[in-house]
Amino acid sequence: MLNIVVCAKAVPDPKDACKIKIDPATKTLMRCEVPMVLNQMDKNAMEAAIRMKEQSDARISVISMGPPQAGNTVKECLALGADQGFLLSDPAFGGADAYATAYTLAKGIEKIGPFDVILCGMASSDGSTEWVGPQIATFLDIPVVTMVREIVECEKELWKVKASMGHGYRLMEVKLPAVFTVTRELNQPRTLSFSGIIKARKKEITEWGLNDLGESAESVGLKGSPTIVSDLRTQDSKREVEIIEGTREDKAEQLVQKLADAGVLA
Amino acid sequence: MPVKCSLGIDKSQAFPADLPIPGSGPELFYASRITHHASRITHHASRFTFHVSRITFHVSRFTFHVSRFTFHASERIIMEHTYGPVWVIGEQVNCQVVTVSLQLVGRARTLADELNTSVEVVLLGNHMTDEHVQPLFAAGADRIYMGNDPALELYQPELFTEMIVKLAGDRRPEIMLIGSTFMGRELAPLVAARLDTGLTAHCIDLVLDKDKILEQIIPAYGGLISIVCPEKRPQMATVSKGVFPKPDPDETRTGEIVMLDVPTGMTQRINTLEIIREEPEGVSLESAPIVVAGGAGAGDIEGWQKIEELAKILNAGLGSTRPAVDEGWIELETMIGQSGKMVSPELYIGVGLSGELQHMVGIVGAQVMVAVNNDSKAPVFEQVDYGIVDDCREFVPVLIEKIREHQEKQLTC
Ligand SMILES: Cc1cc2nc3c(=O)[nH]c(=O)nc-3n(C[C@H](O)[C@H](O)[C@H](O)COP(=O)(O)OP(=O)(O)OC[C@H]3O[C@@H](n4cnc5c(N)ncnc54)[C@H](O)[C@@H]3O)c2cc1C
């Protein structure tokens, strides 16, 4: 049986993301004001897992680190088709950078049990570092391919995948167990079905804190993070704007004229 | 790196080349001169111990103890650091060093001069000659660690990581810069986790603070934030092409090339079979004199197609914001901004986008900037020269018409 782990993150709804403020005291993000949703590219990871399960005998575990509200994200993945859910939640996990996040997730994944394939979204919409997948792989001492856009062969232990490279790709051969971070191009995620939601009600979410992972507070969260936010500043290189007024036609005509005068309308 | 120290008067004791830390019990030293970093030592005991191997001590009558990881310093003790090199992980395509590597070497030079240290580049590939690496010296590198081997012909994640990690263990760089290329974005987190240090993604500036700690600047939440990695070394950052200018080459500069051996007997669990680079179609975003960028305000694919048409008639590069990519209107490669492309056109026209900094930092030194947005309060209007407050779905077709008229007029006269 293929043991698949999907790493899912609850992120502030990108539509409201601009409301997020930095807490001036702790210099970490105050995420709670904005509704949390499942990170977009984690949906692609979830979809990839479901398709693998449709093709062969597999079990999908979904794991998320976050505040208790992130439980909803895990639940959403259960409704999409994951078999079991794990939420790593503890005040000590707060303020983690990518390194501490990957470390904590790696510890959680080890605790779940044997794994063959770990799937992550290429990046989260709020952090966008792309580091968590590769660093999970490092902490688990297994290989990783980032930005996977196509799974070419997935029989047995040796998989072949195509990884996105802007224009072009690289073709990689990987021995399982391995981490794959996936892009949007990999698939079209399905939407939640009513029957899925009903089935998810019966599925358990296991919640683990610091003690369950057997970790010290120094190795997780803000304390376990090598990087910290040291300073906030405003961006001041602002231009003097001229708002062009008039009817639609006028505005368009004036704009063309101004750009032509400035010599930029080649 | 051996610790240098100037010795004190009475009962002075030399530091051994490698300090016995964690200690075999407390050690007593006598200090001879006082430094200005005293408060930092007392407040950052753990940082001190980390830095121990690259610190010059001026020691005299002030006593301090080094025992295990604790450091008890008198308020007035002064220390002087000697810094490890500033590193750039170079990248080449068909033996040609890529632009972002040269740009990073330029910045590394500035940082290294401030730290009074050297710039070293690690460059892995095959069939590279001295000629291929000369641009790195001309850009400011002092030393190049070159791996030239068939095994390094293609980027191999595990092999590259291993070689860089091993060399970093020997050289102990203070700073390590990596281009936000497809290789760099994968390699950087692998190397950082192995070296047990921090890494900042997609920086838009890198400066040293008064304590010579690297401030890694990224846009966030309507402003800029500075990320630091105060204790762990190296301080690692990825940077996109175009964030720093390409330095003027100084062809008189030369440096040392040190050849690297490829480790043997390493079992690789992952293998790059081939790398296919395709030529992008259409106008190149990065070199286009005009860039039209569209955002969420396009509303739907039809709205987006109007923006596309605007780009086409202007022979402009077509750029995007993240929501446009998320909607599937356009591919990721066109995204402009912190985690996308950097562009420096003469004319930038932003249509239906709010002007979030993560996007706007991607437009560098545009001569003229225009925004079309139906919300007069959109932050984008504080960052452009001309603003059109209108529904882009209605306005863009009219604009296209006017541009067409203008172009026809130009042709006839
Ligand atoms: C770490 C990180 C990295 C990021 N990197 C990038 C990056 O590299 N590039 C990037 O683009 N984004 C990036 N983002 C996302 C970025 O923060 C913004 O979310 C994004 O740039 C907003 O895109 P937008 O302006 O198209 O959408 P919105 O912010 O939703 O703005 C849409 C605008 O369109 C206007 N509008 C709506 N309807 C119309 C209409 N009919 N006519 C005219 N105007 C209309 C609205 O008034 C609004 O101002 C990043 C985010 C994070 C957290």
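Just so it is clear, the model here is predicted, and its values are computed rather than measured. Here is the naming used below: chain letters follow the sequence lines, and residue numbers restart at 1 for every chain.
If you measure heavy-atom distances from K160(A) to chain B, the contacts under 4.5 Å come from the side chain alone. In this structure, chain A has heavy atoms under 4.5 Å from both the backbone and the side chain of M369(B). Both the backbone and the side chain of E173(A) come within contact range of chain B, each with at least one heavy atom under 4.5 Å from a heavy atom of that chain. When heavy atoms are compared at a cutoff of 4.5 Å, R248(A) approaches chain B by way of both its backbone and its side chain. For chain A, no part of Q358(B) is nearby; none of its heavy atoms comes within less than 4.5 Å. Of the two parts of Q367(B), the backbone and the side chain both hold a non-hydrogen atom closer than 4.5 Å to a non-hydrogen atom of chain A. Heavy atoms of L158(A) lying under 4.5 Å from chain B are absent altogether. Neither the backbone nor the side chain of V132(A) comes within less than 4.5 Å of any heavy atom of chain B. Contact annotation for I218(B): neither backbone nor side-chain heavy atoms come within less than 4.5 Å of a heavy atom of chain A. There is no contact between N315(B) and chain A, counting heavy-atom distances below 4.5 Å. With a 4.5 Å cut-off on non-hydrogen atoms, T181(A) does not touch chain B at all. Both the backbone and the side chain of Y169(A) come within less than 4.5 Å of a heavy atom in chain B. Only the side chain of L332(B) comes within less than 4.5 Å of a heavy atom of chain A; its backbone N, CA, C and O stay farther away. At a 4.5 Å heavy-atom cutoff, the contact between M147(A) and chain B is made by side-chain atoms alone. Proximity to chain B (any heavy atom under 4.5 Å) is shown, for I244(A), by both the backbone and the side chain.
Taking a cutoff of 4.0 Å between a charged side-chain nitrogen and a carboxylate oxygen, E382(B) and R239(A) do not qualify as a salt bridge. The existence of a salt bridge linking E245(A) and K251(A) is excluded, since no basic side-chain nitrogen approaches an acidic carboxylate oxygen closer than 4.0 Å.
Other residues, nucleotides and ligands contribute over 12 non-hydrogen atoms within 6.0 Å of the CD atom of E278(B).
Note: M165(A) leads Q40(A), M41(A), K258(A), M165(A) in heavy-atom pairs under 4.5 Å with chain B. Residue with the most contacts toward chain A among L273(B), L190(B), L347(B): L273(B) (heavy-atom pairs, distance under 4.5 Å). Listed options I275(B), N271(B), T238(B), I227(B) were ranked by heavy-atom pairs under 4.5 angstrom with chain A; first place goes to N271(B). Residue with the most contacts toward chain A among G387(B), A316(B), G198(B): G387(B) (heavy-atom pairs, distance under 4.5 Å). Chain A forms the most heavy-atom pairs under 4.5 Å with one residue out of E405(B), E394(B), R194(B), and that residue is E394(B). For the set R269(B), E333(B), M183(B), the entry with the most heavy-atom pairs within less than 4.5 Å of chain A is R269(B). For chain B, the option among K175(A), H167(A), R170(A) with the highest count of heavy-atom pairs below 4.5 Å is H167(A). Put simply, of T200(B), V325(B), L199(B), the one with the most heavy-atom pairs under 4.5 Å next to chain A is L199(B). Of all the listed residues (K162(A), Q257(A), Q135(A)), the one sharing the greatest number of non-hydrogen pairs under 4.5 Å with chain B is Q135(A).
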Side-chain donor-acceptor pairs of residues 372-381 of chain B under 3.5 Å, sequence neighbours excluded:
from	atom 1	to	atom 2	distance (Å)
N373(B)	OD1	D375(B)	N	2.8
N373(B)	ND2	L353(B)	O	3.0
D375(B)	OD1	K377(B)	N	2.9

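When all heavy atoms are compared, the tightest approach of W329(B) to G295(B) is CZ3-O, 3.6 Å.
In this structure, a donor-acceptor pair under 3.5 Å is absent between the side chains of N39(A) and S124(A). Side-chain contact annotation: E185(A) with T183(A), donor-acceptor N/O pair under 3.5 Å present. Using modelled atom types, one finds a donor on one side chain and an acceptor on the other under 3.5 Å when comparing D97(A) with S225(A). Side chain to side chain, S180(B) and H202(B) meet the donor-acceptor criterion of an N or O pair below 3.5 Å. For S226(B) and S230(A), the side-chain atoms include at least one donor-acceptor pair closer than 3.5 Å. With no hydrogens or angles considered, a side-chain donor-acceptor pair links E91(B) and T181(B) at under 3.5 Å.
The aromatic rings of W159(A) and F180(A) sit parallel to each other, their planes meeting at less than 30°, with 60° as the upper class boundary.
The CD1 atom of I403(B) sits 8.0 Å away from atom CG of L259(A), with the distance rounded to the nearest 0.5 Å.
In this structure, the side chain to side chain contact (heavy atoms under 4.5 Å, CB included) partners of A252(A), at least two apart in sequence or on a different chain, are F395(B), V398(B), L399(B), K402(B).
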